[in-house]
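Lettering of chains follows the sequences in order, A, B, ..., and the numbering in each one begins at 1.
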2 protein chains.
Amino acid sequence: MGGLPRSMEDRGRRDSTGESASEERTRAWRGLRVADLSSGIAHEVRNPLNAMAIHLEVLADKVRGVGDELAEAVRPNLEAIRNQIHRLDRLIRQFADFAQGRMPGSELSAIVETSVSLCSFPMRRRGIEAEVTGVPPVSVKGAAPLALALVETLLLGVDLAQVGSKIRIHSEKESEHIRLRFSVDSPVGRPAPERMAMVGKLLEDLGGRLDVEEGPGIFAVLSIPVEPVAV
Amino acid sequence: MGGLPRSMEDRGRRDSTGESASEERTRAWRGLRVADLSSGIAHEVRNPLNAMAIHLEVLADKVRGVGDELAEAVRPNLEAIRNQIHRLDRLIRQFADFAQGRMPGSELSAIVETSVSLCSFPMRRRGIEAEVTGVPPVSVKGAAPLALALVETLLLGVDLAQVGSKIRIHSEKESEHIRLRFSVDSPVGRPAPERMAMVGKLLEDLGGRLDVEEGPGIFAVLSIPVEPVAV
């Protein structure tokens, strides 16, 4: 299982202590079970969310029955709670889709956005932002494996970027391909070769490739076959 | 990577179509990334939950300011929403802990309960219930790997049990060990040997073992070293 990527969370620990083959096997096994169970968790989370949404509307009706003044006073709170319910629902759905290797839609910009959103916590923890520029309206085949490749590349970027800096994702159209160029200012070290190799393999399965490009802070260039979409 | 368990969700598909080594590697890799990202998702989910809880209490204050009658009328809705917020928080925390190989506490009954809770969706989907009897107040070492072994055994039970039936988990104390006997009525087939082997390995790492026991519908007996806890 040498080709398996290491956990972002645990890498520091294991680099210093070493991880036995048995520990690595257990971790891989746990990962599969987590992915399996995540679809159930998404369902389990959505039931309470639905129940909350219903109770909230019943409550809003009762408040409205009393008069306009109170209804107006609680409106911002009701709105805020509704918004959070939607935000939670979206977040959980994105995560469950990713865990199960599903990705609704095929538009590149949406896939990039979802991948950035999935990595928002590891990025925020190190004060890192992603800046995406120039993604044209194109669609891709294999949205789910592409999302996995993008997530891995972003997580590599989180490791390489200075705290508080940016991961830049610049998009360039090149006949039938889009080149997504990932860069950071003053990268710390080099990306782990085994993880880069997995990104490359995923891209090759999609008919794309991982390109090498010299330039300040460029750590990965993903070349992805695309098709135009109606706009 | 032959020792890796197959996904519960996908097994049917892959048994008929076959899964290439590359697909299996991608799936294992995705599983690791899902486990990594789950801690972030738990944080991301808890922020909206906190925001909701705060807005809800502000709203409750405004309603109380108007009079007792309305406050009384909306009380059940407020209570319901508060309860769902707590339920969500607990669910997400359990899942994130499992994903990261953490398990707070060492009491066996709590670990069994959490493992059953994690499997509640796959069980409910097939109308299966878990019935746990006789777990005494004992503590275990290695709560997190034990939870993984219990989840795997429960998922094996979900596969073996008839739709609408029960997975019975019966606990017996035996000097320094607890024997957890898993059984179902009229099992469908036999548990996958590679998955049983992983359960056995996890138990051996904990100083326990997977026992063989003949008997109606018994498919796994987990022998776990325990220590008494103060009650």
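Using a 4.5 Å heavy-atom threshold, the side chains of B/M52 and A/M52 count as touching. B/N77 places none of its side-chain heavy atoms less than 4.5 Å from the side chain of A/I54. Between B/R25 and A/M198, the closest side-chain pair of non-hydrogen atoms falls below 4.5 Å. With a 4.5 Å cut-off on side-chain heavy atoms, A/R30 and B/Q100 do not count as touching. Between A/L32 and B/V34 the shortest side-chain heavy-atom distance does not fall below 4.5 Å. In this structure the side chain of B/S22 never reaches within 4.5 angstrom of the side chain of A/K201, judged on heavy atoms.
Residue B/L118 touches chain A through both its backbone and its side chain, counting heavy-atom pairs closer than 4.5 Å. Heavy atoms closer than 4.5 Å to chain A are found in the side chain of B/R87, but not in its backbone. Looking at B/L202, only its side chain comes within 4.5 Å of chain A, counting heavy atoms on both sides. For a residue to count as touching a neighbouring chain, one of its non-hydrogen atoms must lie under 4.5 Å from one of that chain's; by this rule B/V151 touches chain A with the side chain only. Of the atoms belonging to B/N83, not a single heavy atom falls under 4.5 Å from chain A. Interface remark: B/R124 contributes side-chain atoms only to the contact with chain A (heavy atom separation under 4.5 Å). Of the two parts of A/I92, only the side chain, counted from C-beta on, holds a non-hydrogen atom closer than 4.5 Å to a non-hydrogen atom of chain B.
Rounding to the nearest 0.5 Å gives a distance of 9.0 Å between CG of A/L37 and OG of B/S120. B/L56 contributes atom CG, which lies 12.5 Å from atom CD of A/Q84 (distance to the nearest 0.5 angstrom). Interatomic distance, CG of B/L49 versus CG of A/L88, reported as 5.0 Å (0.5 Å rounding). The distance from atom OG of A/S38 to atom CD1 of B/I41, rounded to the nearest 0.5 Å, is 10.5 Å.
Listed by sequence position, A/A144, A/P145, A/L148 are the residues of residues 141-149 of chain A in contact with chain B, using a 4.5 angstrom heavy-atom cutoff. Contacts between residues 59-68 of chain B and chain A, defined by a heavy-atom separation under 4.5 Å, are made by B/L59, B/K62, B/V63, B/V66.
Using cut-offs of 30° and 60° on the angle between ring planes, the pair A/F95 and B/F95 is perpendicular.
Closest non-hydrogen pair, B/G31 versus A/A35, comes out as CA-CB, 4.3 Å.
Comparing A/I85, A/L70, A/D205, A/L78 by heavy-atom pairs within less than 4.5 Å of chain B, the highest count is held by A/L70.
Other residues, nucleotides and ligands contribute at most 12 non-hydrogen atoms within 6.0 Å of the CZ atom of B/R90. Heavy atoms of other residues, nucleotides or ligands lying less than 6.0 angstrom from CD of B/E129 number 12 at most.
Between the side chain of A/R33 and the backbone N or O of B/F98, no donor-acceptor pair lies under 3.5 Å.
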